[in-house]
Amino acid sequence: MSREVFCRAHPSLALIKYWGKSDSRRNLPATPSLAVTLAGAHTETRVRTAAADCVVLGGEEQPPERYAPFFEALRRRLRTTLRFHAESTNSFPTAAGLASSSSGFAALAAACARAVGSELAARELSALARVGSASAARSLFGGFTLLPARARAARQLLPARHWPELRVLVALASGQPKPISSRQAMEATRSSSPFYRAWLASSGSLLAEAIAGLRSRDLERLGEAARLSYARMHAALLACDPPLLYWLPVTVALVRECAQMRRRGLGAWETIDAGPQVKVLCLAAEAAQIAAGLQEAIDSAQAAGGAQPAGSRILECWPGPAPEVRVEGE
Ligand code: DP6
């Protein structure tokens, strides 16, 4: 079969975080997550069938063992023995805490299925992408998505048009890959953080609060729940043995800048994943002013560390679409 399939998928930014697994063999999440699929950032993947599975990301061949469970689940589901060659690029830094595995596995699942002529429903593709990375289950849908605890697939809660004025400003604190993967850090939290149980116990009420804020387009209500979610996740990480800290000085500067902006009456609510980057929820009308404040915080943190300002480091994103898939040649 000679056809090549192209897929563009968008990262899924969690406002209520998935952190911890209820079943690590099947990669089922222990906490529910609520996310927004982000336009303004994407992964593009080209897939063809091949003699052996191979994933090349940004020109670099990826470790096969990271992808093996996904490809095995894919072949079982599609009832095929075919293997796949995938070439992928991200429009943003990879493995730096920008949710690249969410758009990456979503694009891979959608493109591989199409490459063998399958028209699996989004929910089935979501379950396959989850085997690769649970956050990827959400990237199969546009708009606002929910991956319940212990669920095999995500679903769309509300379409992107529910809140087109919502913006997410991604402040790039560092383009370096994170020192420890989310998967390893999640396992460390489960096995060594005394706060892990408390984190699990608090996730349900945070989710309910965030959904209420999202449904009523109440940015403050959604933002406060999102803030508690990331803060508690990182508190559990800091309590690991040995402690895990993803933050850099510039991360702290950005968190402080958001608090200061809120005191001045601007609607800026930050969230942080497994990395030093800070993503800020706000509305389109205030986005330029908030982006300027974030850039200033980055510049002064860099100057304090003796570095030159590195140009614009703010990426503006908004609620985006489900993956787009097309067959490029028969
Ligand atoms: C902090 O989906 O990358 O971004 O399922 O082990 O591949 P695996 O983990 P992954 O973890 C994402 C964690 C997070 C929060 C989130 O996206 O919900």
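As the structure lists them, so they are numbered: ligands from 1, and atoms in each ligand from 1. Note that the structure is a prediction, hence the values are computed from the model and not measured.
- Taking every non-hydrogen atom of Arg66 and a distance limit under 4.0 Å, the qualifying atoms of ligand 1 come out as 7 (O).
- Relative to atom 9 (O) of ligand 1, the option among Arg183, Met186, Gln184 with the closest non-hydrogen atom is Met186.
- Environment of CZ in Arg66: crowded, with over 12 heavy atoms of neighbouring residues, nucleotides or ligands closer than 6.0 Å.
- Contacts of Lys21 with ligand 1, taken as heavy-atom pairs under 4.0 Å, involve the side chain alone.
- In the candidate list Lys17, His234, Glu187, Arg138, Arg138 is nearest to atom 17 (O) of ligand 1, counting heavy atoms.
- When the heavy-atom distances from atom 7 (O) of ligand 1 to Gly132, Ser101, Ser133 are ranked, the shortest goes to Ser133.
- Each of the atoms 1 (C), 4 (O), 14 (C), 15 (C) of ligand 1 lies under 4.0 Å from some heavy atom of Asp273.
- Ligand 1 lies nowhere less than 4.0 angstrom from a heavy atom belonging to Arg130.
- Taking 4.0 Å as the cut-off between side-chain N and carboxylate O, Glu324 and Arg8 count as a salt-bridged pair.
- Of the charged side-chain nitrogens involved, at least one lies within less than 4.0 Å of a carboxylate oxygen, so that Arg262 and Glu270 count as a salt-bridged pair.
- For the pair Arg326 and Phe6, the cation sits on the ring face: its NZ or CZ lies under 6.0 Å from the ring centre, inside 45° of the axis.
- With 3.5 Å as the limit, one finds no donor-acceptor pair spanning the side chains of Ser203 and Thr31.
- A distance-only check finds no donor-acceptor pair linking the side chain of Ser126 to the backbone of Ala153 [under 3.5 Å].
- Between Phe84 and Thr49 there is a side-chain heavy-atom pair separated by less than 4.5 Å.
- Set against the non-hydrogen atoms of Ser182, the atoms of ligand 1 under 4.0 Å away are 3 (O), 11 (O).
- Ligand 1 has an N or O atom lying under 3.5 Å from an N or O atom of Tyr18, backbone or side chain.
- Contacts with ligand 1 closer than 4.0 Å are made by side-chain heavy atoms of Asn27 only, the backbone lying farther away.
- Applying the 4.0 Å criterion to heavy atoms of Met233 picks out, from ligand 1, the atoms 1 (C).
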